[in-house]
Amino acid sequence: MSAGRPRSFEEQEVITRATDLFWRQGYEATGLTQLLQHINMARQSLYNVFGEKRGLYLKCLEYYSQMDLERLDQRLSSSQSAYDSLCDCLLTFAAGPPAGEPAGCLIVHAACEFGRSDSEIGSIVQNHWNAMAARIGRSLENSIAGGDLPAGVNVLQTSRALTHTITAICVMQRAGVPADEMHQVANAAIEGIAVNTSF
């Protein structure tokens, strides 16, 4: 913290504001000066609390992952059947972000920006995808138990396929692909669930 400056900021507020900026612009495109202005924080305070810009970025990825998984849980646990909730979840992703929210997904953006070059970021990305697939897998199992899907559906394979269908939709959103094309992708994924069976 800079001399004479009280620690008046809330750490979570800083992470929330920084998450929004990284989500909109990416890591490399977000300069340190712009970041400090956006989060209303002095350079020394950033170093004292988060270590550096990258340290704050890692906190933002973890925060975003938690937020995104909680939202996925809500979408998959609606009052409808498990199958209907899963279908609606895919179509909601295809419909695009809520008003005022950046297009795409911060986790997917991180995966595209860093690839395999940063193992720590890569671990956060993979853990997020694994957590998504686990939730979708449970939804598929509940759909099978409820009689909406055949017992032969390969849950592991299908959950991974649907997770990365969502990933692809997020990339398409970022690239400005028309909404009707993303809707077609989501519908194709839904139609493919029941035929993805184990023998």
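Because only heavy atoms are used, hydrogens play no part in the values below, and waters and symmetry mates are left out as well, while side chains stay in.
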How about CZ on Arg160, more than 12 heavy atoms from neighbouring residues, nucleotides or ligands closer than 6.0 Å, or not?
no
Minimum side-chain heavy-atom gap Ile107-Asp68 below 4.5 Å:
no
Would you confirm whether Glu113, through its side chain, and Tyr27, through its main-chain N or O, come within 3.5 Å as a donor-acceptor pair?
yes
Any link between Ile121 and Ile15 through a network of hydrophobic side chains (Ile, Leu, Val, Met, Phe, Trp, Tyr) touching at under 4.5 Å?
yes
Could you tell me the separation between the CD1 atom of Ile169 and the SG atom of Cys105, rounded to the nearest 0.5 Å?
12.0 Å
With the 4.5 Å side-chain cut-off for hydrophobic clustering, are Leu156 and Leu86 part of the same group?
no
Any side-chain heavy-atom pair from Ser65 and Asn127 closer than 4.5 angstrom?
no
Any side-chain heavy atom of Tyr63 within less than 4.5 Å of one from Lys59?
no
Kindly compute the distance separating CD (Glu11) from OG1 (Thr16), expressed to the nearest 0.5 Å.
10.5 Å
When you group the ILVMFWY residues by side-chain heavy-atom contacts below 4.5 Å and let the links chain together, are Leu90 and Val153 in the same group?
yes
Nearest non-hydrogen partners of Pro102 and Arg24, listed with the distance:
CG-CG, 3.4 Å
Which distance, rounded to the nearest 0.5 Å, do you find between the CE of Met41 and the CG of Leu46?
5.5 Å
Which distance, rounded to the nearest 0.5 Å, do you find between the OG of Ser143 and the CD1 of Ile193?
7.5 Å
Please find the pair of heavy atoms, one from Ser78 and one from Ser85, that lie closest to each other, and give the distance.
OG-OG, 2.5 Å
Give me the atom names and distance for the closest heavy-atom approach of Gln173 to Gly104.
OE1-N, 3.3 Å
Under the ring-ring contact (aromatic ring centres under 6.0 Å, His included) criterion, do Tyr57 and Phe114 qualify, and how do the steps go?
CA-CA 12 Å; Tyr57 183 68; Phe114 289 91; 5.8 Å; yes
Out of curiosity, His109 NE2 to Cys170 SG, how far, rounded to the nearest 0.5 Å?
7.0 Å
Out of curiosity, does Leu106 fall in the hydrophobic cluster containing Ile166 (side-chain heavy atoms, cut-off under 4.5 Å, transitive links)?
yes
Are the side chain of Arg135 and the backbone N or O of Ala131 linked by a donor-acceptor pair below 3.5 Å?
yes
Hey, which of Leu61, Val49, Leu35 is the one that makes side-chain contact (heavy atoms from CB on, under 4.5 Å) with Leu56?
Leu35
Is there a donor-acceptor pair under 3.5 Å between the side chain of Thr165 and the backbone N or O of Ala161?
yes
hydrophobic_cluster_shared for Leu21 and Trp23, side chain cutoff 4.5 Å:
yes
For a quick test of reading the model, state the closest non-hydrogen atom pair linking Ser139 to Ala82 and the distance between them.
OG-O, 3.4 Å
Which atom names give the shortest non-hydrogen contact between Ala111 and Val125, and what distance separates them?
CB-CG1, 3.8 Å
Is any side-chain heavy atom of Leu91 closer than 4.5 Å to a side-chain heavy atom of Asn187?
yes
Heavy-atom side-chain proximity of Asp118 to Arg54 below 4.5 angstrom
yes
I want to check something: taking the side chain as every heavy atom from C-beta on, are Asp20 and Arg17 in contact at a cut-off of under 4.5 Å?
no
Value rounded to 0.5 Å, distance of OG1 in Thr30 from CG in Leu36:
11.5 Å
Smallest separation among heavy atoms of Met182 and Val177, with atom names
CE-O, 3.4 Å
Ring-plane angle category for His128 and Tyr64, please: parallel below 30°, perpendicular beyond 60°, tilted otherwise.
tilted
Can you confirm whether more than 12 heavy atoms, excluding those of Lys53, are under 6.0 Å from its NZ atom?
yes
Contact between Phe93 and Leu72 at the side-chain level, heavy atoms closer than 4.5 Å - yes or no?
yes
side-chain contact (heavy atoms from CB on, under 4.5 Å) evaluation trace for Asp88 with Arg75:
CA-CA 8 Å; Asp88 283 353; Arg75 289 174 174 172; over 6 Å; no
Is any side-chain heavy atom of Ile144 closer than 4.5 Å to a side-chain heavy atom of Val155?
yes
